[in-house]
Structures are given as C-alpha cells and as structure tokens.
There are 2 protein chains.
Amino acid sequence: MTSTRKITIFKEAARLFREKGYNGSSQRELADRAGLQGGSIYHHFSSKQDILYAIMEDTMRGLLHKVRRAVAEETSPLEKLKKAVRAHIEYHTEDRDETYVADAELRSLEEANYQQITRMRHDYEQIFRDIIDEGLQAGCMKVDDVLLATKALLQMCTGISYWYSPEGRKPIGEIADQYVELLLWGVCGKMAREVADGS
Amino acid sequence: MTSTRKITIFKEAARLFREKGYNGSSQRELADRAGLQGGSIYHHFSSKQDILYAIMEDTMRGLLHKVRRAVAEETSPLEKLKKAVRAHIEYHTEDRDETYVADAELRSLEEANYQQITRMRHDYEQIFRDIIDEGLQAGCMKVDDVLLATKALLQMCTGISYWYSPEGRKPIGEIADQYVELLLWGVCGKMAREVADGS
DNA sequence: GTCTATAACTAGATAGAC
DNA sequence: GTCTATCTAGTTATAGAC
C-alpha cells in the first residue's frame with residue numbers, strides 16, 4: 001500500500017462496506033467518497049472484489065501479528081489469555097470498520113480468496129485454543145469443550161466492533177477490562193471467588 | 001402467513017439471504033429456489049424488502065414470545081438467566097437461517113422498518129438486562145456494567161447461529177448447557193467455585 | 001493518474017395473457 | 001395464482017482522451 005490515494009480508497013471502502021455491505025455498496029459511491037470518478041478506482045485496484053480481499057487480508061494479518069506479539073511476552077496461561085483478549089479488543093476498536101468487514105463479509109469472497117482468509121482465521125483461532133488448552137493443563141481454567149469455548153469467547157469480543165464508538169461513554173481500556181473479567185469469571189464467578197478468598 | 005406457497009418463499013428467502021446476503025440475493029434466484037418464475041413472487045410479497053421485513057419481524061416476535069414464556073416460569077434470577085439463555089440458543093439453532101438474517105441484515109432495512117425492528121430488539125435486550133439487574137440486587141451475580149454484560153452475553157449466544165449445524169457432533173442441549181456454564185462462571189470461575197465448595 | 005463515455009449485463013418490479 | 005415479456009435503472013468494468 002504505497003500511494004496515499006490507494007490508502008484513501010481502502011479506508012473509505014472499509015467504511016462504506018461496513019455501512020451498506022459489500023453487495024450494497026457501488027463502485028461509484030466509493031469513488032465519490034474517495035474524491036474521484038468511478039473509473040479511476042481501477043487504476044489502484046483491479047476490481048471491487050480485490051478491494052474487499054485487501055481489507056480482509058490486511059485485517060487478518062494485523063490481528064495475527066498483534067495478538068502473537070502480545071502473547072509472546074507472557075508465560076502463564078491466564079496472563080496470555082488476558083493479553084490476547086485485550087489485543088483482540090484493541091484492534092477491533094481501533095480499526096473497527098476493517099474488522100467489522102472482515103467479520104461480516106466472509107460470504108462475499110470469491111472461492112480462492114475465501115480459502116485464503118479462512119486459513120488465516122483458523123490460525124488466529126488456534127492461538128486462543130492453545131492458550132485455553134494450556135490453561136486446562138495448568139489447572140487454572142476449566143471448560144468442557146475448548147473449541148466451543150474459543151468460538152464463544154471470540155464471538156463475544158468481536159461483537160464490540162458492532163456497537164463501539166470512540167465517542168462513547170466508556171474508554172476502550174475499561175471495556176476491555178470488563179470483557180476480560182466476564183470471560184474469566186462469568187456473571188457469578190466473582191461471588192464464588194470472594195467466598196474462596198474469604199473476603 | 002396463510003398459503004403454503006408464501007411459507008415456502010419465506011423459508012427459501014431466509015436460506016438464500018443467509019447464504020448470499022440480502023443485497024447479494026436476486027429475486028430471480030429466490031423464485032427459482034421456491035419453484036416459480038420471477039414475477040410470481042409479487043403475488044405473495046409486495047417487494048424484496050417486504051420479504052426481509054417479514055423474516056425480521058417474525059423472528060423478533062418469536063424470540064420475544066419464547067424467552068418471555070421461559071422466564072415467566074422462574075423466580076430466582078439465576079434460574080431466569082439459565083432459562084432465558086437456553087430459550088435464546090434453542091431458537092437460534094431451530095430457526096438458524098431466520099435468526100442469522102435477523103442478526104446480520106439490520107442495515108439492509110429501510111428506515112421505517114429499521115425503526116420497528118430496532119424497537120423490538122431493544123425490548124428483547126431489556127429482558128436480559130432486567131434479569132441481570134435482579135441478580136445484582138439479589139447478590140447472586142456481579143458485573144461492573146449491566147448494559148455491557150448484556151451485549152456481551154447476547155453476542156456470544158447469537159454467534160451460535162453462525163456455525164451451528166444440526167449434523168454436528170454435539171446435540172443442542174449440550175451446547176446450550178456449556179454456554180450457560182461459560183456465561184455464569186467464565187473459564188476460571190468453576191475452579192473458584194470448587195474451592196468455595198471445598199470439593 | 002484522472003477524466004468522460006460507454007459497453008455489457010443484471011437488478012427489482014410491472015402488465016397482461018392464461 | 002402463475003406465466004412470459006418487458007421497462008427502467010443501476011451495476012462492474014473498460015477504452016481512450018488528456
């Protein structure tokens with residue numbers, strides 16, 4: 001992504017696709033928002049599908065990178081999970097248009113692109129699955145089905161990009177903290193923990 | 001929904017919209033799947049948007065009805081939450097095409113329809129918000145922000161309609177049980193509970 | 001690198017025969 | 001109640017001027 005024009009098209013596409021969906025967005029409206037005429041887009045991207053794929057690929061690559069880095073700093077499964085979830089949430093609030101599109105438009109990808117992005121999504125989920133596996137072995141976590149717990153966890157956190165707004169009442173850090181608390185302790189666990197702690 | 005033909009179009013539309021999205025689905029393909037010619041659809045529905053609205057309205061009404069009934073049987077907040085979540089999950093697996101569309105195509109609704117469905121969604125979320133509020137007051141639940149917890153909870157459970165398949169390895173009842181466990185206790189809470197119980 | 005013009009096609013919806 | 005034929009408008013993408 002060298003030229004600034006290409007970046008503008010990329011960002012405006014993410015915003016437009018988020019608002020109206022990939023199939024509900026026309027190349028003309030995208031061009032209009034990016035400040036050029038319809039045909040000019042094809043100098044920067046070979047097709048509308050090409051733009052969608054760029055958004056998806058960039059997002060998955062960014063997520064993989066950020067979460068792997070966050071996890072690498074830690075050794076305990078609990079700290080790894082906290083860091084991973086925070087990184088996931090930060091990315092989903094900072095680049096919320098792109099992550100929303102990456103999450104909602106899987107079905108709009110053509111076959112080859114779909115295969116590639118699905119592979120990256122699988123690698124991404126694997127990071128979380130591995131952490132929970134470690135947590136079970138270390139005895140600090142307890143779930144019946146790791147795959148199910150991973151899906152549930154990610155769906156809950158990904159959902160933030162559906163409603164989060166930077167103008168909202170709560171700063172990102174607080175939202176992330178509360179999601180971590182919910183994931184670790186649920187709506188009841190904190191009571192049991194206080195009993196266990198004798199507080 | 002009197003005629004069987006209308007029901008067929010309704011069901012096929014839910015399936016098609018789920019697969020390709022509202023804007024990615026053509027009236028002709030829908031007609032084809034429902035076993036009639038393009039123009040014939042307009043004898044049963046006045047427009048494509050009308051079909052989408054029917055799916056959304058029917059789904060929200062069904063969810064409201066089912067979850068309210070489930071909650072009405074119980075008095076304790078904990079049992080209410082369990083029943084409500086199970087009802088939500090059951091509905092999302094039984095009518096997974098409709099619930100998927102109802103969840104994913106909000107942005108494809110025209111203004112007046114959007115307002116109506118958003119109102120129903122608000123009422124639906126209110127049921128869960130009220131239960132958690134009761135739980136806090138009764139002292140059997142503990143969360144920092146009820147609104148945030150409600151959103152997180154529903155997003156996690158709604159996500160089931162994105163991956164659930166009736167041919168899958170796990171029966172619905174088991175999936176629902178494990179989601180309830182996760183929501184109540186998180187990935188760590190069950191350890192603390194065992195300590196508290198002295199087991 | 002951006003423009004205008006347009007080709008080739010597909011969309012939702014309607015009209016009138018049966 | 002379903003068909004066929006068709007209208008109008010919008011779609012992605014390309015071509016060639018500047």
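Naming convention: chains lettered A, B, ... in sequence-line order (proteins, then strands); numbering from 1 in each chain.
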Listing, residues 131-141 of chain A side-chain donor-acceptor contacts under 3.5 Å, not counting sequence neighbours, or none:
residue	atom	partner	partner atom	Å
A:Glu134	OE1	A:Lys80	NZ	3.1
A:Glu134	OE2	A:Lys80	NZ	3.3

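- Every side chain to side chain donor-acceptor pair (under 3.5 Å) that A:Glu90 has, sequence neighbours left out, goes to A:Lys66.
- No salt bridge links A:Lys82 with A:Glu74; every basic N to acidic carboxylate O contact stays at or beyond 4.0 Å.
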Please tabulate, for the side chains in residues 15-22 of chain B, all donor-acceptor contacts under 3.5 angstrom to protein atoms that are two or more places apart in sequence or on a different chain.
residue	atom	partner	partner atom	Å
B:Arg15	NE	B:Glu12	OE1	3.4
B:Arg15	NH2	B:Glu12	OE1	3.0
B:Arg18	NH1	B:Arg96	O	3.3
B:Arg18	NH1	B:Ser161	O	3.2
B:Arg18	NH2	B:Ser161	O	3.2
B:Glu19	OE1	B:Arg33	NH2	3.1
B:Glu19	OE2	B:Arg33	NH1	3.2
B:Lys20	NZ	B:Glu29	OE1	3.2
B:Lys20	NZ	B:Glu29	OE2	3.1
B:Tyr22	OH	B:Gln49	N	3.0
B:Tyr22	OH	B:Gln49	NE2	3.4

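- If you walk DNA chain C from 5' to 3' and mark each nucleotide with an atom closer than 4.0 Å to a heavy atom of chain B, the marks span C:dA11 to C:dT14.
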Please tabulate, one pair per line, each protein N/O and nucleotide N/O from nucleotides 9-13 of chain D that are separated by under 3.5 Å, including the distance.
residue	atom	partner	partner atom	Å
D:dT12	OP1	A:Ser25	O	3.2
D:dT12	OP1	A:Gln27	N	3.4
D:dT12	OP1	A:Lys48	NZ	2.9
D:dT12	OP2	A:Gln27	N	2.8
D:dT12	O4	A:Arg28	NH2	3.2
D:dA13	OP2	A:Tyr42	OH	3.0
D:dA13	OP2	A:Lys48	N	2.9
D:dA13	N7	A:Gln27	NE2	3.2

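- Using a 4.5 Å cut-off on side-chain heavy atoms (C-beta onward), B:Ile127 and B:Leu64 make contact.
- For residues 28-70 of chain B, no residue pair satisfies the ring pair (Phe, Tyr, Trp, His ring centres under 6.0 Å) rule, not counting sequence neighbours.
- The closest donor-acceptor contact from the side chain of A:Asp50 to the backbone of A:Ser46 lies under 3.5 Å.
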